[in-house]
Amino acid sequence: MQHLTTDVLIVGGGLAGLRAAIAGADLGLRVLVISKTQPALDNSTAVAEGHISGAVGGITAEEYLSRLEEKSGGHADRVLQRVLAYETAAVIAELRNRFGVDYAMRRGVVVVPGSYPWRGLGITRPLIEHAHTKGVEFLSPVCAGDLLTVDGRCAGVTGLDLASGETIAIRARSTVLCGGGHAGIYPRHDNRGRTTGDCVAMAMRAGARVRDLAFVHFHGLGFAEGQEPFDAANLGSAFRKGELRLADGTPARRSDLPHVWEERATSRERDDERFDAFLDLTAVDWQSEAFARIRDLVLPDFPVESEPVRVSPLAHYTTGGIAIDQQGATSIPHLYAAGECTGGVFGAGRPGGAALVDCLVFGRRAGYEAARLARASDAEPPGAEVTPWNLTGPDDPTPLLEEARAYLWNYASVADCLDGLEVCRTRLAELAAAGLSSMPGSPAQWLAWNELRSVTAIGARMIQEKLQAGA
Ligand SMILES: Cc1cc2nc3c(=O)[nH]c(=O)nc-3n(C[C@H](O)[C@H](O)[C@H](O)COP(=O)(O)OP(=O)(O)OC[C@H]3O[C@@H](n4cnc5c(N)ncnc54)[C@H](O)[C@@H]3O)c2cc1C
């Protein structure tokens with residue numbers, strides 16, 4: 001078992017984590033970032049389209065605030081929205097002036113150049129380079145499993161070194177959770193970095209307040225074939241010209257689909273393909289440079305020139321998560337959070353480009369406050385009892401994880417199956433119990449075990465919120 005100690009521990013190597021790490025290092029403290037996937041390179045930020053909105057390009061902070069309020073459906077924390085609106089201009093300016101990020105300014109948004117699928121690297125690369133110059137340390141692949149708590153305060157995390165299979169206990173004076181959203185609780189999503197909401201689930205297990213987990217945004221249509229998530233709208237006019245058919249062959253218009261999904265969500269029978277349709281793209285010039293690149297990346301083994309592609313909605317963004325205050329503090333002392341794993345900033349919805357600027361504003365705030373508190377705290381973080389995970393069991397929880405995700409897709413996703421929410425809740429509880437009593441035998445199996453804990457906990461909480469809201 002490995003034991004490490006740091007001043008500020010950041011969980012997550014996406015934009016929120018990188019910005020928080022730099023803020024912590026600015027105060028001269030030891031900052032350690034752990035990530036279960038490669039920091040800066042394998043997360044939702046790295047594949048983001050690079051649109052960062054805010055009070056820039058002729059939009060005032062008050063105008064941006066109105067946009068935020070309009071999208072939130074009255075569910076957001078107004079203080080957090082005000083902080084966000086008023087700090088967007090400064091963090092966007094800093095991106096270029098301090099970190100050297102290149103962008104083009106438009107009305108109310110800046111656009112960072114990049115090409116599919118790694119369009120967000122123009123943001124994450126300069127930030128991680130800067131973090132290195134500030135002495136921030138990175139450890140990956142390391143997956144956080146549980147928070148360490150002592151006398152009601154957070155004292156770091158315990159997790160698994162996914163390369164060696166060793167348990168790792170990291171004691172920290174302050175911890176910042178930046179683990180991204182939870183669109184990955186569904187089998188069909190466009191996120192990167194295994195976004196199963198581990199940080200939200202970990203915070204919930206430790207008793208932190210969470211909110212708005214049921215607000216999930218779905219992209220209209222993505223490819224359901226192939227390995228790479230792909231929003232079909234990226235094909236531009238070729239997508240619009242493609243002929244759409246339902247699974248039974250009936251032609252459909254895109255505008256009909258939400259109605260079709262609602263109808264299909266009335267069945268209590270599990271059907272993992274219930275939201276699927278077929279898009280005929282055989283007329284697209286797949287030999288042209290742009291389309292050939294997409295085909296090779298996204299559908300290398302699929303005869304897209306001759307067969308319609310299976311498409312379905314893709315889970316894209318989650319506005320809910322760990323409740324924070326304006327400094328990024330959670331309800332647990334010494335625990336902070338920032339980025340897509342938090343809730344309250346957006347309520348039910350957000351304007352385009354606001355997710356990235358949220359990571360910058362609250363990443364910076366949370367990292368700074370975590371470091372400030374760490375500096376004012378005891379010389380060493382408190383010790384906590386840690387039981388190592390013993391990877392000698394015979395069980396692979398991956399099928400349980402996949403089943404949990406399929407249940408959530410069927411009953412609580414793009415359209416809620418009102419009669420099925422209880423069916424789903426019961427099955428999630430059974431899968432969670434089976435997972436808890438299973439004994440993984442390898443780091444990959446432990447990862448699935450941990451993600452099963454996250455998916456079932458978040459799913460259950462989401463269903464509870466939906467039922468309370470009358471779904
Ligand atoms: C395809 C796509 C396009 C988008 N385009 C835009 C856009 O143009 N503009 C915009 O504003 N928003 C966009 N978004 C949304 C935006 O990219 C995300 O909300 C944002 O990048 C989230 O950043 P984050 O730092 O919170 O999380 P992420 O960037 O997802 O990073 C999460 C990190 O946490 C790590 N992690 C998770 N769990 C654990 C664990 N248990 N232990 C250790 N590490 C863990 C992951 O490995 C990863 O490093 C887009 C999203 C997608 C998927």
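Counting starts at 1 for both ligands and their atoms, following the listed order. Just so it is clear, the structure is predicted and the values come from calculations on it, not from any experiment.
Judged purely by atom type and a 3.5 angstrom limit, Glu166 has no side-chain atom pairing as donor or acceptor with the backbone of Leu160.
Contact annotation: Cys359 has at least one heavy atom less than 4.0 Å from an atom of ligand 1. Put simply, part of Val142 is less than 4.0 Å from ligand 1, judged by heavy atoms. Using 4.0 Å as the threshold, Cys178 has a heavy atom nearer than that to some atom of ligand 1. By the 4.0 Å heavy-atom criterion, Cys341 is excluded from the residues contacting ligand 1. Proximity of Val11 to ligand 1 is established by a heavy-atom distance of less than 4.0 Å.
Using a 4.0 Å cut-off between charged side-chain N and carboxylate O, Glu62 and Arg82 make a salt bridge.
For Val298, the side-chain contact (heavy atoms from CB on, under 4.5 Å) partners two or more places apart in sequence, or in a different chain, are Tyr116, Phe223, Glu228, Phe230, Ile294. Every side chain to side chain donor-acceptor pair (under 3.5 Å) that Asp26 has, sequence neighbours left out, goes to Arg98, Lys134.
Contact atoms of ligand 1 toward Asn191: 53 (C) (distance under 4.0 Å to a heavy atom of the residue). For ligand 1 and Thr37, the ligand atoms under 4.0 Å from any heavy atom of the residue are 46 (C), 47 (O), 48 (C), 49 (O). Every atom of ligand 1 is numbered from 1 in the order shown, and the set under 4.0 Å from a heavy atom of Gly193 is 46 (C), 47 (O). Set against the non-hydrogen atoms of Gly14, the atoms of ligand 1 under 4.0 Å away are 25 (O), 29 (O), 31 (O), 33 (C), 49 (O). The Gly339 neighbourhood of ligand 1 comprises atoms 26 (O), with distances under 4.0 Å to a heavy atom of that residue. Atoms of ligand 1 lying under 4.0 Å from at least one heavy atom of Leu15, given by number and element, are 25 (O). Against a heavy-atom cut-off of under 4.0 Å, Tyr317 is close to the following atoms of ligand 1: 19 (O). In the vicinity of Ala16, heavy-atom distances shorter than 4.0 Å reach the ligand 1 atoms 25 (O).
If you check which protein heavy atom lies closest to atom 48 (C) of ligand 1, you get Asn43 CB, 3.7 Å. Summary of contacts: the protein heavy atom closest to atom 51 (C) of ligand 1 is His316 CE1, 3.5 Å. Scanning all protein heavy atoms for the shortest distance to atom 15 (C) of ligand 1 gives Ala355 CB, 3.8 Å.
For ligand 1, one of its N or O atoms has an N or O atom of Ser44 under 3.5 Å away.
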>> Could you go through Arg188 and Asp272, starting from their C-alpha distance and side-chain angles, then the distance that decides it, and tell me whether this counts as salt bridge (charged side-chain N to carboxylate O under 4.0 Å, His left out)?
In response: CA-CA 10 Å; Arg188 302 224 170 130; Asp272 294 354; over 6 Å; no
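Nearest heavy-atom pair across Gly165 and Leu391 is O-CD1, 3.8 Å.
Remark: among candidates Lys36, His189, His51, the nearest residue to atom 7 (C) of ligand 1 is His51, based on non-hydrogen atoms.
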